Amino acid sequence: MKQLEDIKGLGPKTAKKLNSQGIQTINDLLFYFPTKYVLHEINGYEEIELNKELCLEVTVSTKAKIYFIRKNLDKLSVQVKINQLFFNVHIFNRRFLAKALLEGVELVITGKFMSNLSNFTASNIVLKKNFKPGIKAVYHFIDISEATASKIVKEALTMDYPIKETLPNYLLEKRKIPNIKDLIQTIHLPKTEADIVNSRKRIVYEELLEFALRIESLRKLNKSVITIKKEYNIETVKQFISTLDFELTEDQKQATNDIFRDLKNTSQMNRLLQGDVGSGKTIISVIASLACVTAGQQVAIMAPTLVLAKQHLLTFRKYLNPFGVNIELLTSDGTTAEKERIKTDLKLNNIDIVIGTHALIRKDIDFYNLGFIVIDEQHRFGVKQRKILREKGVSPDILLMSATPIPRTLAISIYKDIDISFIKEKPVGRKEIITDLVAYELLDTILSKVTEQLDKGYQAYVICPMINDLDTSKKLSVEEVYKLLYSKLGNKYTIDYLHGKMIDTDKDHILDKFYQNQVQLLVSTTVVEVGVNVLNATVMLVMNADTFGLAQIHQLRGRIGRNEFQSYCYLVVDDLLVASDRLKILKETSDGFLISEYDLSLRGPGEVFGKSQSGIPNFKMADLMKDNQILEEALEDAEQIIKRSDRESHILKNKAIKAIESYNLD
Ligand code: ADP
Ligand code: MG
């Protein structure tokens with residue numbers, strides 16, 4: 001087989017550089033795809049403007065001069081003209097060009113007029129006779145110049161390289177994508193923009209098909225996981241629902257039905273309950289938990305923060321104590337003796353429902369018969385953590401809850417084999433929160449709106465992106481803002497602060513005071529993001545709002561408007577011009593699904609959910625948001641492939657199974 005060094009113009013030095021980037025063979029090189037393309041098209045004189053990338057045909061009017069700036073840095077300057085416009089062209093480290101740049105020589109230059117029309121900073125200069133219009137691929141090899149890169153790739157393409165088709169013909173035809181030979185040619189040497197689009201589609205499709213096959217195979221494997229049918233007491237459940245002082249919304253009823261259907265049958269429940277903040281997910285988990293308890297099984301509820309776990313403890317006890325359900329809290333907090341007692345009671349089946357944080361997944365926690373798991377704010381937990389908890393039962397049913405809505409295709413890619421229930425409508429009687437974007441300059445005006453609410457007896461949050469002051473940061477800290485507000489309002493109102501670095505007892509103390517309205521204005525980091533449920537709060541200021549994710553602000557905003565009063569959220573930013581494009585959607589809608597999709601399209605799923613946590617695969621080219629359509633196609637095809645028994649389909653299936661074994665932690 002031919003080696004890298006058989007490529008004309010590729011010496012041992014370059015080969016070594018390529019090796020160190022994981023490129024060992026000619027095939028490796030050809031599968032190292034361009035990162036982008038540039039269009040080499042000559043711009044007309046009338047298209048000239050400042051700060052625009054231009055490609056111009058010019059004539060040298062005065063021969064080139066070289067300036068030595070320092071070691072390894074020289075500048076070539078040459079005066080040129082186009083029509084009657086004379087200007088200087090500057091380019092670094094190209095002094096070898098000087099000999100050729102004589103008066104009257106015609107050139108094509110690429111670059112920009114940075115500050116005036118007398119000086120042009122070029123990224124490239126070629127003699128007109130050498131200029132080839134068209135599309136050029138740009139590579140991202142480390143330490144290898146663009147010119148060398150495209151030269152060696154071009155050479156490699158002319159060689160006899162072995163390459164095997166990886167997709168069945170019928171799919172190539174069905175999806176109208178190029179075969180692998182054509183792909184390799186066009187991805188490196190596209191002639192038209194359609195070439196680029198088509199070759200990209202093939203790569204994305206193939207990546208997503210492999211991925212879809214993994215999901216489909218998993219789905220098949222998981223279908224065969226058998227759980228114990230839960231023989232719950234429907235009468236008790238009905239009786240419980242009738243004690244609620246509100247009627248479940250239609251969506252809540254639907255979700256509850258979905259869950260009960262899962263509990264009743266023998267395949268393992270793996271369901272994601274998606275609903276905006278305040279949409280009433282908790283009560284659904286209470287109902288389902290009660291059902292499992294009546295079926296004689298234990299329930300574990302895992303929440304990402306202590307605050308949230310405690311909140312759930314209160315809620316669950318309030319609802320279920322009258323039904324004789326024994327509910328305990330297990331966190332890293334508390335005395336050793338207390339923890340030991342809970343551990344023993346869990347093992348002895350003296351506890352029906354345990355609510356906790358990460359402490360639940362510790363090695364020494366065992367259950368008598370864990371049959372149902374609820375993971376709240378599930379995106380805060382890693383794949384591994386969910387798995388550990390799951391393994392504490394014998395294939396328990398699992399309910400994941402999330403307030404960061406995720407499009408279906410994205411959800412299945414993160415959670416693999418999963419069913420989804422949505423709660424879209426909000427409980428009746430909630431007013432829309434009025435949200436506004438305001439400049440920090442106008443802080444005093446905003447504060448007067450805050451105090452207006454405080455004077456009416458309501459409470460307020462002020463959210464800051466940092467805890468302590470840093471001189472180097474433009475972001476406001478809890479420390480700084482607390483001091484400022486204390487000096488402005490401290491004589492009339494009670495103000496306190498909260499952040500994640502405080503010890504838990506202090507946190508609890510302050511939250512307690514806030515719950516009891518002994519603190520009117522709480523300056524805090526995002527620790528209040530989930531779980532804090534102070535119905536009396538009607539205002540929130542989010543400082544440096546532009547430094548937060550959209551979904552996150554939406555979630556924060558869910559801390560207010562939890563009652564029938566009008567609530568207000570002010571997004572405070574330094575520069576309205578910069579911030580408003582992204583944030584304005586929060587003003588326009590309170591639909592968490594819309595907001596989260598918008599956020600995902602701007603920042604990508606990895607950013608929004610955290611790469612390592614979410615288990616989102618690393619694609620070379622596919623983008624789960626932008627390539628949603630292709631993912632749908634891939635999922636459809638994967639479903640077919642799984643059912644087929646021809647040789648090509650088998651190869652694809654086997655590859656998927658192997659990949660699951662090595663890649664899937666779940
Ligand atoms: P989520 O967990 O989805 O953010 P919660 O479960 O905390 O929302 O519900 C928010 C509030 O709405 C709670 O005080 C809850 O008692 C109340 N609630 C839930 N369902 C309804 C309903 N159908 N009608 C009225 N209030 C409801
Ligand atoms: Mg919740």
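Values reported hereafter were calculated over all heavy atoms of this structure, with side chains retained and with hydrogens, waters and symmetry mates removed. Throughout, residue positions are numbered sequentially from 1 according to the sequence presented. Start at 1 and go down the list; that is how both ligands and their atoms are numbered. Quick caveat: nothing in here was measured; it's all calculated off a predicted structure.
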> Judged by non-hydrogen atoms, does S279 sit under 4.0 Å from ligand 1?
yes
> Is the positively charged end of K230 above the ring of Y232, judged by distance under 6.0 angstrom from the centroid and angle within 45° of the axis?
no
> Can R562 be said to touch ligand 1, with heavy atoms closer than 4.0 Å?
yes
> If we ignore angles and hydrogens, is there a donor and acceptor under 3.5 Å between the side chains of Q459 and N536?
yes
> Is the closest side-chain heavy-atom distance between T243 and Y319 below 4.5 Å?
no
> What atoms in ligand 1 come closer than 4.0 Å to a heavy atom of E247?
22 (C), 23 (N), 24 (N)
> Would you mind running through ligand 1 and noting each atom that sits below 4.0 Å from a heavy atom of T282?
2 (O), 5 (P), 6 (O), 7 (O)
> Does D276 have a non-hydrogen atom less than 4.0 Å from ligand 1?
yes
> Output the list of atoms in ligand 1 that are nearer than 4.0 Å to some heavy atom of T249, sorted by atom number.
23 (N)
> Going by heavy atoms in the side chains, are Q298 and V354 under 4.5 Å from each other?
no
> State, with a plain yes or no, whether a side-chain heavy atom of F240 is found less than 4.5 Å away from one of T236.
no
> Can you tell if the side chain of K392 reaches within under 4.5 Å of the side chain of L360, non-hydrogen atoms only?
no
> Looking only at distances, can you tell me whether any N or O atom of G280, backbone or side chain, sits closer than 3.5 Å to an N or O atom of ligand 1?
yes
> Between L248 and ligand 1, which part of the residue brings a heavy atom under 4.0 Å of the ligand: side chain, backbone, both or neither?
backbone
